[in-house]
Amino acid sequence: MSLDIKRPISNKTKKKTGFIVNMQQLNHNNRGGNNLFIVFFRHYYRWILWFFLSLYFFTSYFAGDQSTTTTTTSLISNHKTSSSLPSHALIESSAIVKPAHASIFSGMKIYVYDLPARFNADWVTSSDRCASHLFAAEVAIHRALLSDSNVRTLDPEEADFFFVPVYYFDLSCNFSTANGFPSLSHARSLISSAVDFISESYPFWNRARGSDHVFVASHDFGACFHAMEDMAIEEGIPEFMKKSIILQTFGVNYKHPCQEAEHVVIPPYIPPESVHRAIDRAPANGRRDIWAFFRGKMEVNPKNISGRYYSKGVRTAILKKYGGRRRFHLNRHRFAGYRSEILRSVFCLCPLGWAPWSPRLVESAVLGCVPVVIADGIQLPFSETVRWPEISLTVAEKDVKNLRKILEHVTATNLSTIQRNLREPAFKRALLYNVPMMEGDATWHILDALSRKLVRSYRRSRVFSQ
């Protein structure tokens with residue numbers, strides 16, 4: 001058989017042309033050509049085979065070499081494992097990755113202010129809990145920057161950014177206020193005092209009005225410094241911080257007064273060692289016998305003593321609809337070993353609390369449980385680089401009444417794909433803070449985000465203007 005391609009006779013009524021492909025039987029006289037080809041192949045097939053094998057191995061070598069030397073940028077790959085239990089080695093695999101080189105961040109340099117201990121170290125020494133709490137990203141980032149010799153500079157004159165290490169740990173460690181909310185009253189005055197100190201001791205704040213300075217605000221509504229959204233909005237971001245860059249756990253994809261400053265949305269702090277311990281103690285078979293899991297605050301009556309509705313009533317709706325259901329493991333009481341329950345769960349519910357974000361998002365993801373995000377408009381950490389839709393579910397707050405049907409649909413369709421994506425080591429690294437910093441971890445991604453804001457570098461703007 002052969003392909004006989006003919007151009008059709010043009011039709012004056014149509015300007016388009018095409019090709020007619022006809023399959024024609026070869027005539028008897030052309031069969032001699034095929035016989036000649038067969039004789040040729042019988043005599044030289046060994047050389048032909050050797051040529052194509054050589055070509056295959058030659059191209060495979062160079063393709064493989066290129067893939068192993070390229071820095072991983074995709075956080076979700078087709079990594080496969082036979083167990084749904086996340087491997088301890090997968091999370092620890094970040095330990096064998098070389099630390100980030102300065103060239104990755106366009107040669108960016110950060111100067112870390114050496115502030116008096118009253119602004120940071122004194123808060124940590126007062127309680128061990130202060131360095132491992134969900135708000136402790138401010139400690140982890142500070143320590144990681146101090147340990148990095150590539151990005152950190154000891155010469156402030158060559159710095160692109162200036163990191164201001166202030167820990168406002170009454171709000172992280174002290175939940176002793178009358179209404180049970182974290183104490184945030186001192187945060188503004190403490191940061192204001194730190195800004196006064198650096199502006200009086202150094203020239204760098206005043207020359208750019210703090211636009212190249214970086215703060216951490218890893219709390220409910222970021223630099224608005226209040227646990228209640230209405231009060232946070234009313235008080236707003238302190239005026240002296242509005243020109244700076246804020247690393248904050250709070251983020252929404254709509255206009256909000258608490259993110260009116262330049263900011264990067266970061267993950268809450270989860271101690272990596274606690275993740276490792278949970279995996280070490282998990283059953284060897286890795287079986288997930290809990291279908292849908294949530295442990296945490298769920299009010300029977302969502303309206304608290306302040307007259308506000310906790311979780312916008314979402315957690316109460318979940319409790320009333322699914323409490324006591326066989327496939328839903330819901331518990332309102334604290335349990336120190338709750339991470340072992342996450343390891344046994346298929347879906348982990350992550351509803352909003354007072355703020356949209358929650359540490360459950362990170363804990364669920366790194367322990368292999370599919371995060372079910374129920375917080376309308378939330379902006380998830382590192383959304384520019386982490387492909388969250390491939391490793392989590394998002395359910396609208398109004399749809400919690402249909403939660404069981406939604407989860408059953410996912411179970412019957414693409415659950416295995418989501419679980420496979422969750423096992424990707426690069427994704428786990430992106431959500432955990434390490435000291436020293438490791439390539440691809442949370443601090444690394446923060447530096448990557450800052451390197452895309454180098455237009456704010458006063459030093460570089462001066463160089464370009466000269």
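- In this structure, CG on Leu145 lies 12.5 Å from CZ on Phe161, to the nearest 0.5 angstrom.
- The side chain to side chain donor-acceptor pair (under 3.5 Å) search around Glu200 returns none, not counting sequence neighbours.
- With hydrogens and angles disregarded, no donor-acceptor distance shorter than 3.5 Å links the side chain of Asn434 to the backbone of Pro436.
- Listed by first then second residue, pairs satisfying salt bridge (charged side-chain N to carboxylate O under 4.0 Å, His left out) with a partner in residues 341-355 read Asp289-Arg344, Arg295-Glu341, not counting sequence neighbours.
- With hydrogens and angles ignored, the 3.5 Å screen pairs no side-chain donor or acceptor of His219 with any backbone N or O of Ala217.
- Note that CD1 of Ile237 and CZ of Arg188 are 9.0 Å apart. Values are rounded to the nearest 0.5 Å.
- Evaluation of the ring-ring contact (aromatic ring centres under 6.0 Å, His included) rule for Phe294 yields no partner, not counting sequence neighbours.
- When all heavy atoms of Leu407 and Ala292 are compared, the pair lying nearest together is CD1-CB, 4.1 Å.
- For the atom pair Ser416 OG and Asn421 CG, the distance stands at 9.5 Å (nearest 0.5 Å).
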After noting the C-alpha distance and the side-chain angles of Tyr309 and Trp354, does the key distance pass the ring pair (Phe, Tyr, Trp, His ring centres under 6.0 Å) rule?
CA-CA 9 Å; Tyr309 282 90; Trp354 291 116; 9.8 Å; no

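- Every residue two or more places apart in sequence or in another chain that forms a side-chain contact (heavy atoms from CB on, under 4.5 Å) with Ala140 is listed here: Tyr269, Tyr433.
- Checked by atom type and distance alone, the side chain of Lys109 pairs as donor or acceptor with a backbone atom of Asn150 at under 3.5 Å.
- Proximity of the aromatic rings of Phe382 and Trp444 is defined here by a centroid distance below 6.0 angstrom, and this criterion is not met.
- Considering all non-hydrogen atoms of both residues, Asn206 and Ser199 come closest at ND2-O, 3.2 Å.
- The distance from atom CD1 of Ile270 to atom CG of Leu134, rounded to the nearest 0.5 Å, is 7.0 Å.
- Every side-chain contact (heavy atoms from CB on, under 4.5 Å) that Leu146 has, sequence neighbours left out, goes to Val112, His142, Arg152.
- Every residue meeting the ring-ring contact (aromatic ring centres under 6.0 Å, His included) condition with Trp291, not counting sequence neighbours, appears here in chain and number order: Phe328, Phe347.
- Scanning for side-chain contact (heavy atoms from CB on, under 4.5 Å) contacts around Cys350 gives Arg360, Ser364, Pro371, with sequence neighbours left out.
- Taking the charged nitrogens against the carboxylate oxygens, Arg452 and Glu384 do have a contact shorter than 4.0 Å, which makes a salt bridge.
- Using a cut-off of 4.0 Å between Lys/Arg side-chain N and Asp/Glu carboxylate O, Arg459 and Glu158 are scored as not salt-bridged.
- Partners of Tyr113 by ring-ring contact (aromatic ring centres under 6.0 Å, His included), not counting sequence neighbours, listed by chain and number: Tyr111, Phe162, Tyr202, His213.
- For the pair Glu229 and Arg308, the salt-bridge criterion is not met [side-chain N within less than 4.0 Å of a carboxylate O].
- Considering only residues two or more places apart in sequence or on other chains, Phe250 meets the ring-ring contact (aromatic ring centres under 6.0 Å, His included) condition with Phe221, His256.
- Pairing each heavy atom of Ala278 with each of Leu343, the nearest pair is O-CD1, 3.1 Å.
- Scanning all heavy atoms of the two residues, the minimum distance from Leu190 to Arg118 falls at CD1-O, 4.2 Å.
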Ignoring hydrogens and angles, write down the donor-acceptor pairs under 3.5 Å from the side chains of residues 238-245, residues two or more places apart or on other chains.
unit_1: Glu239; atom_1: OE1; unit_2: Lys242; atom_2: NZ; d: 3.4
unit_1: Ser244; atom_1: OG; unit_2: Gly210; atom_2: O; d: 2.8

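- The backbone N or O of Leu352 sits less than 3.5 Å from a side-chain atom of Arg315, completing a donor-acceptor pair.
- Every residue was checked against the side chain to side chain donor-acceptor pair (under 3.5 Å) condition with Lys312, not counting sequence neighbours, and none meets it.
- What you find for Lys401 and Tyr322 is that their closest heavy atoms are O-OH, 3.0 Å.
- When the side-chain contact (heavy atoms from CB on, under 4.5 Å) test is applied to Asp114, no partner is found at least two apart in sequence or on another chain.
- Smallest separation of non-hydrogen atoms from Val400 and Ala317: CG2-CB, 4.0 Å.
- To the nearest 0.5 Å, atoms CG (Leu361) and CG (Leu431) are separated by 7.0 Å.
- The pair Glu408-Arg404 counts as a salt bridge, with a side-chain nitrogen and a carboxylate oxygen less than 4.0 angstrom apart.
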